[in-house]
Structures are given as structure tokens and as C-alpha cells.
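Beneath this line is the structure, given in C-alpha cells, with notes to follow.
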Amino acid sequence: MITDVSFDTLVSARWLHNALADQAMKLVVLDASWHMPGTGRDGETEWRLERIPDARFFDFDKRICDRESSLPHMMPDAELFTNELRRIGIDNDSVLVIYSSAGIMTSPRAWWMLHAMGHKQCAVLDGGLAAWKAAGYEIHRNEPGPLPTPGDFTARYHPSRISDKHEVLLAITDDSVSILDARSADRFYGRAPEPRPGLRGGHMPGAHSLPFDKLIDNGFFKPVPELKAVLATLAPTPTRIIASCGSGVTASVVAFAAHLVGYEDIAIYDGSWAEWGAGTSLPVVTTD
């Protein structure tokens with residue numbers, strides 16, 4: 001189902017710059033940067049070197065995650081999420097704007113986690129840190145100060161926002177559900193190796209290939225009419241969208257785009273291909 005929604009969950013660098021000057025708004029900026037292993041980049045290290053003023057680091061890879069899982073950056077339970085958000089000074093009435101150093105590749109992951117934990121007052125910075133810097137706005141390059149006073153945030157988990165392999169296994173034969181895979185087409189069809197060793201190539205039966213970069217233009221989300229046209233060809237009348245990728249990060253770009261154009265019932269397959277492609281127990285195909 002598609003409904004009319006406001007588009008203020010995606011904000012510009014100019015909007016954020018003006019909002020930071022509004023003392024009445026309990027605005028907190030979060031850096032949710034993460035980079036694939038092997039890139040030689042580390043999100044927290046880069047945040048320490050340069051960041052939007054007073055931005056706090058949202059570490060969904062090492063801290064705000066299920067630390068007991070063998071799968072990368074899986075959603076934590078509500079208790080851990082609550083404790084970690086309080087630790088970085090987040091309140092129930094905080095207004096959050098999330099960015100990443102790589103355009104908008106990882107910020108939607110933090111946005112989706114917050115939505116799954118019941119916090120709707122959050123937005124993604126379109127264009128990420130690059131857009132902020134291109135606008136000529138201030139950058140902090142000094143060592144971050146101490147953490148603020150702990151907040152009063154309380155997570156309220158919405159399980160419908162997260163799918164597991166059991167739901168996806170049922171969905172592959174359910175015409176009312178659209179599975180959208182954000183990996184590259186070469187990985188989707190098994191033509192390119194997976195970056196994580198030991199995983200099979202290919203995709204879930206019935207899944208649709210929607211590489212996340214098809215929704216982006218020069219680091220910004222494409223206009224809503226273009227996003228709607230792309231999604232409508234793959235999910236014309238779904239009751240539910242399940243977005244997947246390698247480990248649940250770029251799947252959030254697809255989920256966020258679906259939210260922008262008005263889809264209501266959207267979930268992330270949290271284990272994604274890191275779980276599905278491991279072993280031989282789950283079905284994998286390399287053709288449409």
C-alpha cells in the first residue's frame with residue numbers, strides 16, 4: 001500500500017545548517033559512517049578527524065548491534081539500544097539528523113534502526129558530509145569532547161520492521177511480498193564473487209535486483225517521481241517490501257527510498273546475504 005507522506009525525513013545541508021541555529025529544537029547530529037572491510041577506511045576514525053559540529057558517532061557496527069551474533073552489525077535488542085542511545089545523550093524528544101561520510105550509503109541504516117526502535121523524529125542528510133562541505137559550512141577537526149549527559153531515550157521495538165530468514169523463506173512464494181536486493185546485478189546473478197568469503201553467489205528465488213546506486217545521483221537521492229517509477233516496476237501493489245543486501249546496510253537505502261515515495265509496510269532482512277548465502281540450507285538461484 002502507498003500513502004501520502006511528508007518528505008521531511010530527507011533534509012538538505014542548508015536545512016540542517018539553519019536548524020542547528022534554532023535553540024528551541026532539540027537537534028542532535030549523528031555520524032553513522034561505516035565502510036566495508038578491506039577499504040582501509042574506518043568510520044569512527046574519520047569522524048574524529050572531521051565532522052559536522054558536535055556530531056556524535058552512531059556505531060552500528062561495533063556498539064549498537066547484537067554483539068553475540070556471528071553476523072555483521074545485526075539489530076540489538078531494545079535494552080542494549082536504549083542504553084547505547086542514552087550513552088550518547090539521546091532523549092525521547094531529540095530530533096536526530098543522520099549523515100555519513102560516503103554520501104548516503106550508510107546513514108539510512110541508522111535511520112531504519114531508529115524507526116524500528118520507535119523513534120520517528122529522525123532524518124537523513126541528503127548528500128551526506130560531502131554536501132555539507134560543498135556548501136562551505138563549518139567542520140570540526142579537533143578531538144571530540146566528552147560525551148554529553150546521558151539521555152532518557154527508551155526504545156520501543158517494532159518487530160514488523162525487521163525480517164528474518166524464516167519470513168523471507170515464506171515470502172519467496174508469496175506474491176503479496178516483494179523482495180528487493182540492493183547488491184550489484186553481478187552479485188545478484190552470481191557473476192561476481194561476494195566480498196565476504198565463503199558465501200555462495202546468486203539470489204533468493206523470486207527476489208528482484210535493485211542495486212542501491214540506481215536510487216542515487218552524485219551522492220543524493222534521486223527525485224521522488226524517479227524513485228517512484230523505479231520501485232513501481234518491481235513492487236507495483238505490494239502489501240509488504242522486504243529489502244536485502246550483503247549485510248543489511250545498503251538494503252536500508254532501498255527501504256528509505258520506498259518510505260520516501262509512500263510505501264508503508266517495509267522491512268529489512270537483517271541477516272541479508274551474509275546469512276542466506278552461507279551454507280547450503282537455503283535456496284539460491286542465478287537466473288530470474
Side-chain angles (χ1 to χ4, degrees), residues 9-11 28-37 39 41-44 46-47 55-67 69 71-78 80-81 84-85 88 90 96-130 155 157-164 180-184 195-196 210-216 219-221 241-260 263 266-275:
T9 49
L10 183 66
V11 301
V28 178
V29 181
L30 299 175
D31 183 330
S33 300
W34 174 78
H35 304 281
M36 283 287 292
T39 62
R41 299 180 64 179
D42 178 75
E44 184 173 4
E46 293 182 7
W47 163 76
R56 304 168 199 177
F57 192 65
F58 187 100
D59 187 353
F60 65 75
D61 186 52
K62 296 183 179 68
R63 291 197 65 103
I64 311 175
C65 59
D66 180 354
R67 301 170 195 171
S69 176
L71 297 169
H73 36 250
M74 293 284 284
M75 278 286 290
D77 60 25
L80 188 149
F81 198 89
E84 284 295 326
L85 270 288
I88 59 175
I90 306 303
L96 307 177
V97 175
I98 311 154
Y99 74 91
S100 68
S101 58
I104 48 176
M105 191 178 81
T106 63
S107 47
R109 171 65 184 187
W111 181 91
W112 200 260
M113 292 173 72
L114 284 155
H115 263 237
M117 290 295 182
H119 194 80
K120 301 295 180 66
Q121 299 174 149
C122 53
V124 166
L125 174 61
D126 202 11
L129 183 62
Y157 180 51
H158 293 261
S160 65
R161 299 294 186 184
I162 304 295
S163 291
D164 60 18
L180 305 182
D181 192 321
R183 295 175 300 152
S184 69
R196 293 179 177 84
L210 179 54
F212 78 95
D213 56 4
K214 301 296 184 184
L215 305 170
I216 297 169
F220 296 83
F221 272 105
I241 286 177
I242 298 176
S244 181
C245 61
S247 63
V249 177
T250 57
S252 301
V253 177
V254 171
F256 187 84
H259 169 83
L260 282 180
Y263 287 87
I266 316 163
I268 300 295
Y269 171 27
D270 207 24
S272 281
W273 203 253
E275 179 177 50

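If you read the sequence from its start, that first residue is 1, and numbering goes on from there.
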Partners passing side-chain contact (heavy atoms from CB on, under 4.5 Å) against D213 (at least two apart in sequence or in another chain):
P211
Can you tell me if S33 and S100 form a side-chain donor-acceptor pair at under 3.5 Å?
no
If the condition is ring pair (Phe, Tyr, Trp, His ring centres under 6.0 Å), which residues does Y157 pass it with, not counting sequence neighbours?
none
Can you check whether G271's main-chain N or O pairs, donor with acceptor, with D164's side chain at less than 3.5 Å?
no
Scan W47, W34, Y99 and name whichever one has a ring-ring contact (aromatic ring centres under 6.0 Å, His included) with F57.
W47
The reported gap from NE2 in H115 to CD1 in I268 (rounded to nearest 0.5 angstrom) is 12.0 Å
Between S247 and A274 (side chain of the first, backbone of the second, donor and acceptor by atom type, cut-off under 3.5 Å), is there such a pair?
no
Ring geometry between F256 and W111 (parallel below 30°, tilted from 30 to 60°, perpendicular above 60°)
perpendicular
side-chain contact (heavy atoms from CB on, under 4.5 Å) filter on A155, not counting sequence neighbours, yields A78, F81, T82, M117, F153
Donor-acceptor contact below 3.5 Å, side chain S252 vs main chain G248
yes
Using the test side chain to side chain donor-acceptor pair (under 3.5 Å), find all partners of R63 that sit at least two apart in sequence or belong to another chain.
E84
Sort and list the pairs that fulfil salt bridge (charged side-chain N to carboxylate O under 4.0 Å, His left out) and have at least one residue in residues 105-119, not counting sequence neighbours.
R109-D270
Donor-acceptor pair, W112 side chain versus R161 backbone, under 3.5 Å?
yes
Mind checking what makes side-chain contact (heavy atoms from CB on, under 4.5 Å) contact with S244, not counting sequence neighbours?
M204, Y269, S272
